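All residue numbers refer to positions in the sequence shown, counting from 1. Everything quoted here is computed from the prediction, not taken from an experiment. Ligands are counted one by one from 1 in listed order, and the atoms in each one are counted from 1 as well.
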Amino acid sequence: MRRKLRADAEGINNQKSINIRKGIIIMVEFSQLKKAVVNAAENSPFYKSMYSGIDVNAVNSFEDFGKLPFSDKYELRNAYPLGIQAVPDEKIVRIHSSSGTTGKPIIIPYTAKDVEDWAVMFARCYEFCGINSLDRIQITPGYGLWTAGIGFQAGCEKLGAMAIPVGPGNTEKQLELMVDLKSTVITATSSYALLLAEEVKKRGLKSQICLKKGVIGSERWGDLMRERISNELSIELYDIYGLTEIYGPGIGIDCDKHEGIHYWDDYLYFEIIDPVTGEILPDGETGELVITTYKKEGAPLIRYRTHDLTRKIPHVCSCGRGFPMIDRILGRTDDMIKVKGVNIYPGQIENTLSAVGGVSSEYQVIIGHENGKDKLTLRVETTADSDNAEVAFRVVDVFKKKIGIKISCECVDLGTLPRFEKKSKRVFDNRFE
Ligand code: ZN
């Protein structure tokens, strides 16, 4: 429906992208997008240089817009420290910064309005998961240069709930405050939420805590981990999405229906592209998320590549709110592998395995050649009570149905595959050796 309406609207040349919200058709006018492009080209030294030789005033349709070059974190690093800034210094009230694990970090300047807009979006996130002004929100993500902690807090205060700004680590204090102050919401990365859940269990505190909901951000996490956190703490979990360059966390979240992550299309324009060719993909197909900001003043971003893999969900959520949705993040483009002409992401493999059952969360992907063709072998650990032959058969079958290629599956006993403290190595591509 949405795509058809959009096509019709483009056909009559008034260039409007359409969403349906609470039964009302919301027209996202092309003029809003054009205004963002022209502003960036005129005021941000980063975009001024990127668009030199391009007449942005001649960008008059979504199609023209789709031909503008992408921007990327690699180029933004070259604009260090403040080459992205699009307003005079006196309007900037704060900066945040990406982690910068390799090379210089990216610095993002914010105006007072950017800070306010972010808080409004974040408060909306809390509302979407049923959190209200009576809730007590324990905030465990970090404060400082990183955007996380302060975003969770600003949204909480905007909503009128009570923030308990503990910050990261200090598990003793976290548990003490959680019990004494009767926190109802925990906000955390998935790994820290799991650690807290295990501690609550170990210390027998479950009957003393009042948590109802968990707002989890910043990492890709599988269903198995989700179930463990949710069961150990008896809470409902919500996925919050965001990245430092685009405000921070809080630009999207799932609702009680958990059909996808709603995103705020009154602030942001989302495209999904083929990460290799850059072509825009139709709604429903998986690719890389590219974001344009409509209202960001300090550091506007146009066609910014997130390197996150997802898809637009081509239906309206049954909650009826009508803000469009993307799927949970499937992984990073850097982790993508191409086998038999099909792009495969680690998140898809994990989804396949959780659909099969009888396996642990550990697996390896081995890619090689056989008779001149790609061959993918999935090595999985089975749980103690599983029949290896039966599991292997189901893995091959589900993989074929979900991802579309024939693979081999090798089952090994639980505990055979290596465990990783930090980043796990699961893919072994031997084709180019
Ligand atoms: Zn919904």
Visitor: Could you walk me through whether Asn60 and Asp64 satisfy the side chain to side chain donor-acceptor pair (under 3.5 Å) test, starting with their C-alpha distance in whole Å, then the side-chain angles of each, then the deciding distance to 0.1 Å, before giving a yes or no?
Guide: CA-CA 6 Å; Asn60 284 320; Asp64 293 344; 5.1 Å; no
Visitor: Take the Zn ion (ligand 1) and tell me which protein N, O or S atoms are nearer than 2.8 Å.
Guide: Cys255 SG, His262 NE2, Cys317 SG, Cys319 SG
Visitor: Any salt bridge linking Arg303 with Glu271? Criterion: basic side-chain nitrogen under 4.0 Å from a carboxylate oxygen.
Guide: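 Here Arg303 pairs with Glu271 in a salt bridge, since their nearest N and O are under 4.0 Å apart.
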Visitor: Using the ring of each side chain (for Trp, its six-membered ring), is Tyr269 parallel, tilted or perpendicular to Phe62, with breaks at 30° and 60°?
Guide: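 Ring orientation, 0 to 90° scale: parallel.
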Visitor: Tell me, please, which residues at least two apart from His262 pass ring-ring contact (aromatic ring centres under 6.0 Å, His included).
Guide: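 Result, ring-ring contact (aromatic ring centres under 6.0 Å, His included) vs His262: Phe128.
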Visitor: Under a 3.5 Å threshold, yes or no: a donor from one side chain and an acceptor from the other, between Glu259 and Ser318?
Guide: yes
Visitor: Between Tyr126 and Asn132, do the side chains contain an N or O donor and an N or O acceptor separated by less than 3.5 Å?
Guide: no
